[in-house]
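Computed over heavy atoms, backbone and side chain alike; hydrogens, waters and symmetry mates excluded.
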Amino acid sequence: MSNDDHPGTNTSPQAEQWVPPSGTPPIPQPASARPRARRRGRPVLLASLLCVIVVIVAVLGIRQLTQTPGGQDDQHSFTSTPTVGYSGSSSSTGAISPAWASGVETAWRISFPSTQYGPRAITTVEGTTLYALFEDPGYATHRATVAAFDISSAQPRELWRTTGSLPESFGRPNFVSFADQFIVGSIVIDKATGAQSLAPWEGSEALAAVDGVVVACDGKQACSGWVLESSSWVRRWVTTTASQRGGLSTSATLTYPNAPVIGAGEHQSVVLRVDSPTHLAQLIDPRTGQATDAASVSPFEDRTNNVVSIMLASDGLVAFNDDVFVTYDADGFITGVHPYEKSLRRPTRDGRVPSTSELTDFLVGGTPAWSNAVVTAQTGAVALTVTPSDGSPAFNLDPANNDQYHSSPFWPEEVRASADTSVVYVESVEANTTGNRFFFDTASGVGHGSAEFHDAEDLSWAFDDLAIGVTIDGVVAFTPKAT
């Protein structure tokens, strides 16, 4: 238990339902004479037009609700566009390749059945193998297809493909690696053969695997720990938590954690974001299931802005608002309180998660020791300043100087850089626009992208010179343009 933490009060989650607008045309009254029927024609016509308008509003409302997070609503199929194959080295250092300075091309596509607003493939890469899970677009079938591909050559080579049952409750979970298996929600997949089975924690989602224990939570107020013994799942513990809030906020992208796990050895914890009046998170001990309150809101209660966010470090976490941040170790104890001035600086994502000490140095204005550069949006997002971490002079990029004719304000959401900062990748997602993503050649200042690259969702980086996303066409890979 931390020196500023105590059990929070559980609050019952409330489900919100959206009811589409509807209209029922007025019921005509019996006509007493023909002339009166003529005079009622206009009101009936107006009522009919009103019904049509209501239906149109309903459809637009549904479309608005089903837009992707980046606002990428009107996506297009690119299956008729040629691909160039992959000819890179399959290396993965964590930093992007300088070869992206030449532009972006589509390397290959793997088709999966899809619809405009239906489920998209969930992917992960381990070594040179791509794994993809796709729900059958026919919801009534309740089936899931999983496939593995060797992606080290020019074109992906399918290794296996299997189909199995989809759990009744299945959102959009991540792949969790567990020895020679993957776990996606409650689907267990053998990495070598693709054999599928359903885990006994259906209704919960596997968040992480630590020291042979799979931690699964139900999104409500319960988590459980499971171990595999003689090919059978055995529940080691179950614990009650505060009301769970799901994933971390976008502020977590300052550190880009791949899993909600902090600490090492006996001090490893799974971070669970909670809806509590006293704390922002709970730390779950994967060995015992003990839940420890962390990230107390008390240091922020007397502040002008008491809206608090958290982000993960390798050895702890940080809670912050616009004028103060508090660091915690992996056991939930406070290790520091520091003044903070809200900043638009973003460290590049180059392979590892920083420690709380490194993150502290950055938040008070220092250089990020764990990344290649810092990208800062200037006033109005009309310019981006790149500050290399190796001490080289800072330089500016003009987001409007790109080959996709994108000129909207450009607020960085994710940034990457090559080791020599000859290429800077900036992804922008704004609430009121579709956003975009470009590789900026820092020598010429030109940003390179493509329409298909723009439409890709859930982008991941298999190699330094191969990015993989999902579109309505299936799984799509992108590679630097040949020079």
| query | Applying the side chain to side chain donor-acceptor pair (under 3.5 Å) test to T327, which of T356, T360, T335 qualifies? | reply | T335
| message | Quick check on the 6.0 Å ring-centre criterion: do W461 and Y425 meet it? | response | yes
| query | In chain order, what residues pass the salt bridge (Lys or Arg N to Asp or Glu O under 4.0 Å) check against E158, with sequence neighbours excluded? | reply | R161
| Heavy-atom pair with the smallest gap, counting every atom of S343 and Y340 | N-OH, 3.8 Å
| request: Apply salt bridge (Lys or Arg N to Asp or Glu O under 4.0 Å) to D329 and list each qualifying residue two or more places apart in sequence or on a separate chain. | output: none
| note | Exactly one of F438, F440, F439 clears ring-ring contact (aromatic ring centres under 6.0 Å, His included) with W100, and that residue is F439
| Sub-3.5 Å donor-acceptor pair from the side chain of N372 to the main-chain atoms of A417, do we have one? | yes
| field | Pairs where residues 328-363 contributes a residue and the test disulfide bond (SG atoms under 2.5 Å apart) is met, not counting sequence neighbours | value | none
| task | Could you give me the CA-CA distance, side-chain angles and deciding distance for D455 and T471, then say whether side chain to side chain donor-acceptor pair (under 3.5 Å) is met? | result | CA-CA 7 Å; D455 279 1; T471 70; over 6 Å; no
| Validation row: Q282, Q290 side chains within 4.5 angstrom (heavy atoms) | no
| remark: Applied to residues 344-365, the ring pair (Phe, Tyr, Trp, His ring centres under 6.0 Å) test, sequence neighbours excluded, yields F362-W370
| request: Any pair with a residue in residues 166-231 that passes disulfide bond (SG atoms under 2.5 Å apart), sequence neighbours left out, goes on the list, sorted by first then second residue, please. | output: C217-C223
| message | So for atom CZ, which belongs to R345, do other residues, nucleotides or ligands contribute more than 12 heavy atoms lying within a distance under 6.0 Å? | response | yes
| message | Do the side chains of R157 and D150 get close enough for a salt bridge, i.e. N-O under 4.0 angstrom? | response | yes
| field | By side chain to side chain donor-acceptor pair (under 3.5 Å) - contacts of T123 (at least two apart) | value | none
| request: Before giving the answer on ring pair (Phe, Tyr, Trp, His ring centres under 6.0 Å), spell out for F178 and W233 the whole-Å C-alpha distance, their side-chain angles and the decisive distance to 0.1 Å. | output: CA-CA 13 Å; F178 181 72; W233 290 103; 5.5 Å; yes
| Aromatic contact, Y86 with F463 (centres under 6.0 Å) | yes
Would you tabulate the side-chain donor-acceptor contacts of residues 190-200 under 3.5 Å, counting partners in other chains and residues two or more places apart, or write 'none'?
from : atom 1 : to   : atom 2 : distance (Å)
D190 : OD1    : A192 : N      : 2.9
D190 : OD1    : T193 : N      : 2.9
D190 : OD1    : T193 : OG1    : 3.3
K191 : NZ     : E126 : OE1    : 3.0
K191 : NZ     : E126 : OE2    : 3.2
K191 : NZ     : S177 : OG     : 2.8
K191 : NZ     : A179 : O      : 2.9
T193 : OG1    : A195 : N      : 3.2
Q196 : NE2    : T162 : O      : 3.2
Q196 : NE2    : T162 : OG1    : 3.0

| said: Ring centres under 6.0 Å, that's the criterion: do Y328 and F333 meet it? | reply: no
| query | Is there a donor-acceptor pair under 3.5 Å between the side chain of D473 and the backbone N or O of V476? | reply | no
| said: Tell me every residue that passes salt bridge (Lys or Arg N to Asp or Glu O under 4.0 Å) with D211, counting only those two or more places apart in sequence or in another chain. | reply: R287
| message | Has R437 got a side-chain atom pairing as donor or acceptor with F453's backbone, closer than 3.5 angstrom? | response | yes
| said: Side chains of R172 and D458, heavy atoms from C-beta outward: is any pair under 4.5 Å? | reply: yes
| request: Would you mind reporting whether L363 and F320 have side-chain heavy atoms less than 4.5 Å apart? | output: no
| When you measure from the side chain of T348 to the backbone N and O of D350, does any donor-acceptor pair fall under 3.5 Å? | no
| task | For S90, enumerate each residue passing the side chain to side chain donor-acceptor pair (under 3.5 Å) test, keeping only those at least two apart in sequence or located in another chain. | result | none
| said: Closer than 3.5 angstrom, by distance alone: can the side chain of D464 be matched with the main-chain N or O of T93 as a donor-acceptor pair? | reply: yes
| Residues that E452 engages under side chain to side chain donor-acceptor pair (under 3.5 Å), provided they are two or more places apart | T106, R109
| query | Are any side-chain N or O atoms of H279 and backbone N or O atoms of V297, one a donor and one an acceptor, separated by less than 3.5 Å? | reply | no
| query | Do NZ/NE/NH1/NH2 and the carboxylate oxygens of R352 and E358 come within less than 4.0 Å? | reply | yes
| query | Salt bridge or not for K342 and D323, using N-O below 4.0 Å? | reply | no
| task | Answer yes or no: is there a donor N or O on one side and an acceptor on the other, between the side chain of D285 and the main chain of G289, under 3.5 Å? | result | no
| task | Keeping the roles fixed (side chain from R235, backbone from G225), state whether a donor-acceptor pair exists under 3.5 Å. | result | no
| task | State, yes or no, whether a side-chain contact exists between P368 and V374 at a heavy-atom distance under 4.5 Å. | result | yes
| said: Is any side-chain heavy atom of V375 closer than 4.5 Å to one of T387? | reply: no
| task | With sequence neighbours excluded, give me every ring pair (Phe, Tyr, Trp, His ring centres under 6.0 Å) pair touching residues 204-230. | result | W201-W226
| field | Short side-chain to backbone donor-acceptor contact, T479 and D465, under 3.5 Å | value | yes
| Considering residues at least two apart in sequence or located in another chain, which fulfil the side chain to side chain donor-acceptor pair (under 3.5 Å) criterion with S269? | none
| field | Check: E427 and V415 side chains under 4.5 Å, non-hydrogen atoms | value | no
